[in-house]
Chemist: 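Before I ask anything, here is the structure I am working with.
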Amino acid sequence: METAKVIDFHSLSEKVGRFNLKDKTCLIPEMNRIGCHLLAAVFRGFGIHARVMETCKGQDLGREYTSGKECYPCQITTGDILYAMKEERERLGDAFHAEDYIYFMPEADGPCRFGMYNKYQRIVLDSFPELEKLKIGALSTKDGYSLAGIIDDSRVRELRKTAYFSLVVGDILDRLLWRIRPYEKTPGAGDEFIEKAMRLMESAFERFGPGKDFESILKQLEAVIAEGKGIVDPVIPQKPLIGIVGEIYLRTHVQANQDVIRVLERYGAEVVNASIAEWANYTSYDRLREAKARFRLSLRQFHFGPLKRFLKDMISYGGDFYYQGFRQKKTYQHVHSLIDLPEDHEIGHLEEILKEKDLFSFEVGTEACLSISGIVAYARDGYNGVVNVYPFTCMPSTITSAIVRPIMNELGVPYLDTPYDSSVQPGREAAIRTFMYQAEQHFRRHGRGKGSAQSA
Ligand code: SF4
């Protein structure tokens, strides 16, 4: 008896992994719009033909080829890649060859489902004969998102440094928008400005990124910030400050979270979302932490064989982590001479928060480590409320919610869970309005603490 579909599991190892991007088109799914476009620009600067795929245009395809049990970001990105391929096929006709593309879908090594997206999508792609040869480029948290193998070895370190810098600049542009939009003189000016700013920074990264001319990129950023400040109406009084944590895709993908930041702004908030660089810093920190633990254990057990490997890992991950901290700090220092944008909390500081009352452990991993500690840090910094944004049924975010609710009650800081899927919850706007009423009361009683300034 023949089965309707035979799944070839070799495909998961042969067509999912790190592949050289030479002469390929690298398709990047849009998550946080600005950061993804800057990353694509960095890749282009290094000679990789990269572009960000349109998002949410293929939602019907995403729904058709998922069962509804997958995490929401998996459904959206499945739709994005199928739609992008459909468009390319229509555009190129017989000249379309799936092997000319690499679809970029990173992964995490657990314990939640992020490691399974690219496996699942591989099975979906293999069910279309014309897409079987489309490879999935998977960078993993397992090795701290190493880029080794995707371009010539001699340029990997430069690419990594420039890509990280683009994440930081992307975060800064996002924070600039959230800082100015609630206070804009002309409605819509902030959005219009940031779109133009993103294009300017893309050109800067494409031009100056390969030579690591970060000073020229910073100069362009300075000009952008100066223009952005001009949009603010100084007469509008300060507003309650709201922090956002949660699952990285949902909290940064505007369509997926139904533009939650704008909805909060509509009800009187100024918002700061957790950054993308925070996740990159966390993965490097965590790999370093693991390498140190393994080294110590081997030493204690007199297993001298693997010591050299663990030491090498410590040097490599330690180098990444300290470089990232240095670059991020330096960039924010530069920006702070121009505008008061909040900085990220340091990862070591977030781990300390968890340890204080044994709230959670970095040993468990996932974004719950950052969300739980991030919520407590926001509250201590004087934020007037915190929103946890995540996909419906997301494991780390549900854990976060269970742990922080009693803490926030105790601290007397308003807190809201906002799980999303592709449906629109009728009571969501009312919940946000009520939350903002509470945040406004908190703001009147306590002010904004030091939340609006650097909070590291
Ligand atoms: S973080 Fe949440 S949404 Fe993302 S893969 Fe894990 S369980 Fe799914």
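Ligands are counted one by one from 1 in listed order, and the atoms in each one are counted from 1 as well.
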Chemist: Can you name the atoms of ligand 1, numbered from 1 with element, that are less than 4.0 Å from a heavy atom of P396?
Modeler: 1 (S), 2 (Fe), 7 (S)

Chemist: Short question: side chain of R448, backbone of K239 - any donor-acceptor pair under 3.5 Å?
Modeler: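 Side chain of R448 to backbone of K239, a donor-acceptor pair under 3.5 Å: yes, one is there.
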
Chemist: At what distance is the nearest protein heavy atom to atom 2 (Fe) of ligand 1, and which residue and atom is it?
Modeler: C394 SG, 2.3 Å

Chemist: What protein heavy atom is closest to atom 7 (S) of ligand 1, reported as residue, atom name and distance in Å?
Modeler: M395 N, 3.4 Å

Chemist: Indicate yes or no: does E343 engage K329 in a salt bridge with an N to O separation below 4.0 Å.
Modeler: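 Answer for the salt bridge query: yes.
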
Chemist: Between Q121 and Y103, is there a side-chain donor-acceptor contact under 3.5 Å, judged purely by atom types and distance?
Modeler: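 Side chains of Y103 and Q121: pair found under 3.5 Å.
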
Chemist: Should Y117 be listed as contacting ligand 1, given a heavy-atom distance under 4.0 Å as the test?
Modeler: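 Yes; Y117 lies near enough to ligand 1 that a heavy-atom distance drops under 4.0 Å.
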
Chemist: How far is atom 8 (Fe) of ligand 1 from its nearest protein heavy atom, and which residue and atom is that?
Modeler: C71 SG, 2.3 Å

Chemist: Atom 5 (S) of ligand 1: which protein heavy atom is closest, and how many Å away?
Modeler: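 Minimum-distance protein heavy atom for atom 5 (S) of ligand 1 reads F114 N, 3.1 Å.
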
Chemist: So which protein heavy atom does atom 6 (Fe) of ligand 1 come closest to, and at what separation?
Modeler: C112 SG, 2.3 Å

Chemist: Are the side chains of E247 and V389 in contact, using a 4.5 Å heavy-atom criterion?
Modeler: no

Chemist: Quick test of your reading of the model: are R181 and E265 salt-bridged, counting only N-O distances below 4.0 Å?
Modeler: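 Result for this pair is yes, salt bridge flagged.
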
Chemist: What's the shortest distance from atom 3 (S) of ligand 1 to any protein heavy atom, and which residue and atom give it?
Modeler: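 Minimum-distance protein heavy atom for atom 3 (S) of ligand 1 reads P391 CG, 3.4 Å.
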
Chemist: Just one of V387, V272, I261 clears the side-chain contact (heavy atoms from CB on, under 4.5 Å) bar with I242, so which one?
Modeler: V387

Chemist: Could you check atom 4 (Fe) of ligand 1 against the protein and tell me its nearest heavy-atom contact, residue, atom and distance included?
Modeler: E247 OE2, 3.3 Å

Chemist: Do Q75 and R63 have side chains that approach each other closer than 4.5 Å (heavy atoms only, starting at C-beta)?
Modeler: yes

